[in-house]
Structures are given as C-alpha cells and as structure tokens.
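Just follow the structure's listing: the first ligand is 1, and inside any ligand the first atom is 1. For clarity, every value in this text was computed on a predicted model and none was experimentally measured.
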Amino acid sequence: MKKIKSKEYILRIVLNSTITSNNKKMINENSIQVLRAGLRGKIIEPHDTGYESSCKVYNGMISRHPRMIVQCADVADVIRSVNFARENKILLSIRGGGHNAGGLGVCDDGLVIDLSLIRFTRVDPKARIVIAGGGCTWADVDHATHVFGMATPSGVVSSTGVGGLTTGGGLGHLTRKYGLTIDNLISVDIVLADGKFLTADANQNQDLFWAVRGGGGNFGVITAFTYKLHPVDMLYSGPMLYEMSEAAEVMKWYRELIKNAPDDLNGFFAFLTVPPFPPFPEHLHHKKMCGIVWAYTGPVEKGEEVFKPIRAFKKPALDLVGPLPHPVLQSLFDGLLPTGLQWYWRADFVNELSDEAIDKHIGFGKTMPTELSTMHLYPVNGAASRIGNKDTAWSYRGATWAMVIVGIDPDPANNEKITAWTKDYWRALHPYSAGGAYVNFMMDDGEDRVKATYGENYERLVKIKSKYDPENLFRVNQNIKPVNVQSQKEILI
Ligand SMILES: Cc1cc2nc3c(=O)[nH]c(=O)nc-3n(C[C@H](O)[C@H](O)[C@H](O)COP(=O)(O)OP(=O)(O)OC[C@H]3O[C@@H](n4cnc5c(N)ncnc54)[C@H](O)[C@@H]3O)c2cc1C
C-alpha cells in the first residue's frame with residue numbers, strides 16, 4: 001500500500017515537469033515509467049518492436065503515429081490511462097475493434113487506449129443477456145452466444161468492434177426484427193474523463209445511458225456492454241444477385257417490398273463486383289451486378305415458402321439464399337474484406353428512393369472504380385423505427401435506409417480514383433437524402449454534418465457532454481463539443 005502511495009506521489013511530481021517542444025507534448029520519461037509500473041497491460045512506444053503494426057487500423061488509408069499505445073488489460077488500466085492523458089494534457093483516442101472509417105481509434109502524438117485485450121464475454125442464458133468486454137469484436141460475442149442459440153443485433157462483418165458499432169447505433173441483419181444494437185443495450189460500465197467509473201442503465205445515470213446510445217465515444221471509455229439476447233440460431237439467409245441491366249427494376253421492386261415487409265425479413269441492397277472465386281460461378285466472375293443480402297429471422301423451415309414470391313419476382317442470376325447458422329451469416333464477407341485495404345466512405349440517411357434517384361444510382365453502380373467498391377442501402381424501418389427519435393441519441397428513426405457509398409481497393413495507387421467516385425456519387429445522391437448520415441458511416445464530414453445527424457438531440461448531447469467531459473478529453477470521434485470549448489477546432493487529429 002505504501003509502495004503504491006509513493007508511486008502516485010512520484011507520478012504527481014513528474015507530471016508537473018511535462019514540457020512542450022515544437023508544439024508536441026514531450027512527456028517526462030519518468031512519468032511513463034510510473035504509468036507502466038501501474039499497469040497489468042503494456043505500453044507500446046515508437047522505439048518498441050511492433051509499434052508500426054500497432055499503429056495500423058482496419059482502413060489502410062489511415063496513417064497515424066501516437067506517442068504511446070496503452071494496451072489496457074482491465075478497468076484499472078483504463079482509469080490510469082485516462083488520468084494520465086488528462087493530467088498530461090495529451091490527445092486521447094479509444095480503440096475498440098479499430099474498424100472506424102476515419103481511423104478514430106488512433107491519433108497522432110497522443111495516447112491510444114487500446115481495448116483489444118479486454119475481450120471477455122459472459123452469457124447468462126437464463127436471463128438472456130451477454131456481457132462483452134469493451135474490446136470485443138462481434139465474432140467474440142457471436143461465438144459466445146451461438147452455442148445457446150441466441151444473438152443480439154450487430155453489423156454484417158464480424159471483425160467489427162462492439163465498442164464503436166454499439167456507441168454509434170448498430171445496423172445489421174437483425175435490425176428490422178430486433179432493432180438497432182443500442183435498442184438491445186441494457187447497461188454500460190464506463191470510465192469518465194475525470195477517471196471515475198460508473199454504470200449507466202435505465203435506472204442509474206440515465207442521461208449518460210441515453211447519450212451513449214448513438215452519441216459515439218464522446219462520453220467515456222466503455223469497459224463492458226450488457227446486451228439483451230434473442231432466440232436467433234439458423235437463418236434462411238444469404239445473397240441474391242441480379243444483372244446490372246435489371247438494376248432499375250430490382251431497385252423499384254425492393255423499395256416497395258422492404259417498406260411493407262414483415263419484421264422477420266431483412267434485406268440490404270448492394271452494388272458489387274462478383275469476386276473471382278467459389279461459391280461464385282466462373283461466368284459471373286468480375287461482373288458488376290446488383291444484389292440483396294437477405295436474412296429471414298422467422299422459423300428457418302418456413303424460409304422456402306417466404307422466399308417464393310421473392311424468387312417469383314425475377315429469377316436471380318445467382319441465388320445463394322438458404323439456411324445458415326447466424327455466425328456464418330455474420331462472417332460471410334470477412335474473407336473478402338481483410339484488414340489493411342484502402343477505404344473511402346460517404347453516407348446519408350434516405351427516406352424515399354425516387355425513380356430519378358434510382359437512375360442516378362445505377363449510373364454510379366455501372367462505373368464502380370474497383371472490384372471491391374460498393375454501395376449499400378441498409379433498412380432502418382421495422383423494429384428500429386418503433387423507438388422514438390428522442391428515446392436514444394440516435395435520431396433518424398424515421399429514415400427508411402442508411403446509405404453508404406464506399407470506394408475500396410488494396411492498392412493505395414487507386415486512392416484518388418476511389419475517393420473521386422465516392423464523392424461524385426455522394427454529391428449526386430445527397431439532394432435525394434434525408435439530411436444527416438449514420439455516424440458510423442461517416443469519415444471526415446465535419447461539424448455541420450455531425451449536427452445534422454443528431455438533429456433535435458444535438459443540444460441535449462452538448463449538455464450531457466458538458467456535464468461528463470467539460471474539457472473535451474474524448475474528442476477523437478464525431479465530436480460533440482461541450483459548451484466551454486465550443487470554439488475548439490475540429491477533431492484535433
Ligand atoms: C468492414 C466494415 C463493416 C461495417 N459494417 C457495419 C455494419 O454492418 N453496421 C454498422 O452499424 N456499422 C458497420 N460498420 C461501421 C462500424 O460500426 C464503425 O466503423 C465503428 O466505429 C467500428 O467500431 P470499432 O470499435 O471497430 O472502431 P474503432 O476504430 O476502434 O473505434 C471507433 C470509435 O468508437 C469509439 N469506441 C470504440 N470502442 C469504444 C469503447 N469501448 N468505449 C467508448 N468508445 C469506443 C471511439 O471513440 C472511436 O472514436 C462497418 C465498418 C467496417 C470497416
């Protein structure tokens with residue numbers, strides 16, 4: 001006990017000797033040693049082996065170099081790291097799964113709280129809940145819950161982190177049936193900017209619980225998420241592909257179908273290029289097509305019957321829909337999208353898909369610049385739309401779809417090409433949109449877009465931010481500025 005006290009004493013002294021040089025914070029080496037001694041996890045600094053690979057996030061387009069990466073092993077490590085960043089006045093970023101498009105899990109010259117070691121899960125099958133550590137990926141959660149024949153709504157790629165996806169909202173195959181991921185969030189354990197730890201749920205710290213359901217990583221470091229589970233085991237699901245020449249007809253049919261579909265039926269629309277390997281037949285390889293990725297959450301044995309009218313509408317060029325275990329559906333695209341590809345994203349919410357908008361979509365679908373580039377329309381209607389806009393921070397419950405346009409390629413030489421196509425596509429379709437965009441599909445869109453996205457909820461988010469993080473310690477995110485730092489520049493990365 002004495003030893004710990006003296007360490008904290010030393011910490012205070014050395015922190016006071018932090019100096020600034022060339023506008024970069026120079027942190028006293030001793031203070032880093034003291035932090036290191038107090039951790040169960042480890043600190044990775046620029047001179048350490050593995051530093052370069054630890055700086056990398058999922059999007060290969062992002063290149064940032066923090067002063068240190070703290071791989072936290074537990075809540076105590078997170079508290080110490082938050083205190084260290086605040087006391088040293090250095091930039092802080094929170095890294096969950098590292099999937100964020102804009103690379104918001106990593107920062108230049110600051111401290112990265114890397115949660116990848118905090119990946120525990122605990123399922124209570126009787127209570128139908130799962131508790132997941134703040135650094136889990138969805139693969140970790142699906143693995144833990146599937147043996148019990150249960151799942152909670154998440155996204156469509158299993159390597160995505162629970163941290164970023166949940167705090168931004170969470171759209172996926174189960175959205176129409178069970179709502180957004182946040183609609184299934186029961187509580188969070190969170191470390192605040194002042195280093196305090198608390199639990200937020202429907203009964204305690206309700207304002208914070210409201211804000212973390214859509215407000216991103218603005219409010220603290222979430223070390224554990226507790227989710228509601230549903231009986232989800234085998235789903236009649238998978239992709240159906242159609243010729244690009246049929247895209248207008250397919251989009252118009254899909255638009256009506258999804259608006260009126262029962263909650264059990266989820267399907268997101270996509271433009272894509274067919275990958276050159278099985279299960280895709282050779283005659284379709286490298287072909288630009290459109291498709292719908294279906295997920296039927298009703299009884300799997302009823303799937304054939306439910307899909308009769310879908311198959312009757314038009315024979316798909318490829319029909320891969322059938323019974324799939326939930327984790328298989330969740331990881332269907334993981335292999336296609338390994339870490340390190342170049343990604344450029346733009347997004348919008350969409351209420352109506354007019355014939356005119358469809359024409360424009362098809363023009364860009366036909367000119368996808370690379371084989372991995374794509375456009376998705378994720379339905380938001382169904383169960384997600386029956387929660388009020390003001391019930392959580394996520395304020396586009398009335399939208400029919402969340403649209404995302406993504407230029408993707410392994411080769412950085414194509415960055416200009418994928419970026420230009422994405423921006424042109426977005427500019428052409430933005431006039432047909434609902435205004436804001438899903439925060440988790442945004443990249444470097446700026447403050448106005450963040451405000452547009454939160455709409456009427458923005459002011460309340462500012463109030464809650466001002467209460468829990470008045471100095472904007474957590475600002476490497478789609479930032480909601482507290483009142484006393486309203487003049488602070490855009491995201492400081
Ligand atoms: C291939 C791919 C597929 C995707 N599919 C979907 C999808 O189907 N549905 C969907 O909704 N989204 C999807 N997304 C978007 C995804 O939700 C966001 O990119 C999200 O930010 C990723 O979370 P992460 O933890 O992996 O990210 P990170 O880069 O680690 O973190 C992103 C942000 O989240 C915050 N954060 C992360 N963890 C925590 C935590 N524990 N506590 C507090 N804040 C935290 C941080 O502030 C950080 O700013 C996809 C992204 C990719 C790259």
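Residues R176 and Y178 bring no donor and acceptor atom of their side chains to less than 3.5 Å of each other. Between T374 and H376, the side chains place a donor N or O and an acceptor N or O closer than 3.5 Å (distance only, hydrogens not considered). Judged purely by distance below 3.5 Å, without hydrogens or angles, the side chains of Q342 and D409 never pair a donor atom with an acceptor atom. For the residue pair N414 / T370, no side-chain donor-acceptor distance below 3.5 Å is found, with atom types taken as modelled. Judged purely by distance below 3.5 Å, without hydrogens or angles, the side chains of D348 and H430 pair a donor atom with an acceptor atom. Side-chain contact check for T121 and D140: no donor-acceptor pair (N or O, by modelled atom type) lies under 3.5 Å.
For the pair M68/F84, a side-chain contact is recorded, criterion being any heavy-atom separation below 4.5 Å from C-beta on.
The closest non-hydrogen atom to atom 51 (C) of ligand 1, taken over W343, Y58, W345, comes from W345. Of the options G215, A132, G164, P338, the smallest heavy-atom separation from atom 23 (O) of ligand 1 is shown by G164. In this structure, of T160, N100, I113, V191, the residue bringing a heavy atom nearest to atom 16 (C) of ligand 1 is T160. Closest heavy-atom approach to atom 35 (C) of ligand 1 among the candidates G217, A224, G169, A347: G217. Of the candidates P153, G170, G163, G163 brings a heavy atom nearest to atom 39 (C) of ligand 1.
Considering backbone and side-chain atoms together, N440 places an N or O closer than 3.5 Å to an N or O of ligand 1. For ligand 1, the polar-atom distance check against G161 finds a nitrogen or oxygen pair separated by under 3.5 Å. Polar contact check, V162 against ligand 1: no nitrogen or oxygen pair lies under 3.5 Å apart. Ligand 1 has a nitrogen or oxygen under 3.5 angstrom from a nitrogen or oxygen of G96.
Here Y438 has side-chain heavy atoms under 4.0 Å from ligand 1, and that is the only part of it that gets that close. Counting heavy atoms closer than 4.0 Å to ligand 1, residue F219 contributes nothing at all. Contacts between L115 and ligand 1 below 4.0 angstrom, taking non-hydrogen atoms only, involve the side chain exclusively. At a heavy-atom cutoff of 4.0 Å, ligand 1 is contacted by both the backbone and the side chain of V156.
Using a 4.0 Å cut-off between charged nitrogen and carboxylate oxygen, K177 and D264 count as a salt-bridge pair.
The side-chain tip of R460 points at the ring of W210 from less than 6.0 angstrom away and within 45° of straight on.
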